[in-house]
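Report on the structure given below.
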There are 2 protein chains.
Amino acid sequence: MSPRNKELNEEIKDARREQILSNALKLFARKGLAATKITDISTASNISQGLLYHYYKSKEQIFVELLRDAYDKMIAAALVLESLPLSPLEKIKMAIEKLLQGFDENKDTAYYYLLINQASIFEAIPDEAKEIVKGRFLLYDVITRIITDGQKDGTFKKYDAKDMAVVFWTSLNGLAIYNAVQGEKFKAPDANILIGMFIEKVSPTN
Amino acid sequence: MSPRNKELNEEIKDARREQILSNALKLFARKGLAATKITDISTASNISQGLLYHYYKSKEQIFVELLRDAYDKMIAAALVLESLPLSPLEKIKMAIEKLLQGFDENKDTAYYYLLINQASIFEAIPDEAKEIVKGRFLLYDVITRIITDGQKDGTFKKYDAKDMAVVFWTSLNGLAIYNAVQGEKFKAPDANILIGMFIEKVSPTN
DNA sequence: GTCTATATCCAGATAGAC
DNA sequence: GTCTATCTGGATATAGAC
């Protein structure tokens, strides 16, 4: 086989993988791992059911790969946010706004949320997925640090920082679910409503 | 068959139904409808798999019955709350506190939440379940009314009341999920963190 | 009312042809 | 790389005995 053909094949293969993952993400998010049939994925991807096994060993493997993507993206974003030269309040604001607008612009964001949720809630997931979910605490830690900073500089309310981080994440998670369920109808609520949990007086200009 | 035996049988039957529902609730909540096998339910209930069909026509029927219970309880509680002789702020406070402490005291509360969530998110649920989910707007309406009242009397912030109701429910929902996932480890965060979304100055004494 | 045994079906995964 | 055909296993649901 010539190098050219080899390259071409690789491209096709990558494209297929992308295609499969993208379709599987939506299906897993809206039907759940167990209810999503392997034929659902192959049909959505316009390939035969047999061919799917050429790319992935099992349904579970696809799920795990997507879940890993979801966490990688989320944690990377959180760490970038933390490292930005912004005040704690600005960071929290940015996180909320970015997430809320991400829901609107990019359906995948909401789907990734649903995937993470599912993996967090359900016991009936692959062991590998359970391992990935354990990395969740990293997300809480980043936000806890930002909140603690904001308390030190006096802008944030003085509730337990860990509690605040929990409420931060669970609230956004709740909104992400709502968004995914609402679909096109979803209209992001004013970010300042949420910010009211963190600071005493929300400036109307922001 | 004598009346006494008939009564006894009815009692047994009712007890069994209760037993089945209670076990199924936990299983559905933690594994999901699709991943929960009918044998999971029968095993948890200490009855044979065949006997389960004596009480329920199918797995789906059990799910629907539980979902209906969940909504009935939730909506009833919301309407009672609304009718209490309390200020809007007191009502919101009570709702948050009751829900948070309900999570702690009664595992079923959190499980019901997970069930409703599942039914809201997943497309792969029985048609009857989809119908029930449509009643969801009632919950949002009650809270929207309370918030609107609170805005009229000047205690609540003046964001869009519907938005605030959405954030209210989605936040509590997010917390319920977190609680269910954490299990015994769950410690309810200070309710005042959430109340900060609604009013300008949270009194430290409450 | 309860159990065990069985029929049926369907989804996951593999094999082999092109 | 891709498809069709097939095997296998497991889950739902039913039948029939006690």
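At distances below 3.5 Å, not a single donor-acceptor pair connects side-chain atoms of Gln61(A) with backbone N or O atoms of Tyr56(A). The backbone N or O of Lys37(B) sits less than 3.5 Å from a side-chain atom of Asp40(B), completing a donor-acceptor pair. Using a distance-only test at 3.5 Å, with no hydrogens or angles considered, a donor-acceptor pair links the side chain of Lys59(B) to the main chain of Leu33(B). A donor-acceptor pair is defined here as one N or O able to donate and one able to accept, closer than 3.5 Å; no such pair exists between the side chain of Asn179(A) and the backbone of Leu175(A). Judged purely by atom type and a 3.5 angstrom limit, Thr155(B) uses its side chain to pair as donor or acceptor with the backbone of Gly150(B). A distance-only check finds a donor-acceptor pair linking the side chain of Gln151(A) to the backbone of Tyr159(A) [under 3.5 Å].
Note on ring orientation: taking the six-membered ring where Trp is involved, the planes of Phe156(A) and Phe198(A) are tilted (angle from 30° to 60°). By the 30° and 60° cut-offs, the orientation of the rings of Phe28(B) relative to Phe63(B) is perpendicular. Between Phe103(A) and Tyr113(A), the ring planes lie perpendicular to each other; the angle is over 60°, past the 30° to 60° tilted range.
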Output one line per pair: protein atom, nucleotide atom from nucleotides 7-10 of chain C, and distance, for all N/O pairs under 3.5 Å.
none

Polar atom pairs (N or O), protein with nucleotides 13-18 of chain C, under 3.5 Å:
residue: dA13(C); atom: OP2; partner: Tyr53(A); partner atom: OH; Å: 3.2
residue: dA13(C); atom: N7; partner: Gln49(A); partner atom: NE2; Å: 3.2
residue: dA13(C); atom: N6; partner: Gln49(A); partner atom: OE1; Å: 3.2

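Note: CG (Leu52(A)) to P (dT4(D)) measures 14 Å, nearest angstrom. Between Tyr55(B) atom OH and dT12(D) atom P the separation is 19 Å, expressed in whole Å. At whole-Å resolution of the value, OH in Tyr56(A) and P in dG1(D) are 13 Å apart. Rounding to whole angstrom units, CG of residue Asp40(B) and C1' of dT12(D) are separated by 13 Å. Between Ile41(A) atom CD1 and dG12(C) atom C1' the separation is 11 Å, expressed in whole Å. Counting to the nearest Å, the P atom of dG1(C) and the CD atom of Glu11(B) are 13 Å from each other. Between the P atom of dT14(D) and the NE2 atom of His54(B) lies a distance of 14 Å, rounded to the nearest Å.
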Annotated structure of DNA chain D as dot-bracket, pair cut-off 3.5 Å, Watson-Crick or G-U only, | for inter-strand, is ||||||.|||||||||||
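Here the straight-line distance linking atom CG of Leu51(A) with atom CD of Gln49(A) works out to 10.5 Å at 0.5 Å rounding.
Salt bridge absent: Glu65(A) and Arg68(A) never bring a charged side-chain N and a carboxylate O closer than 4.0 Å.
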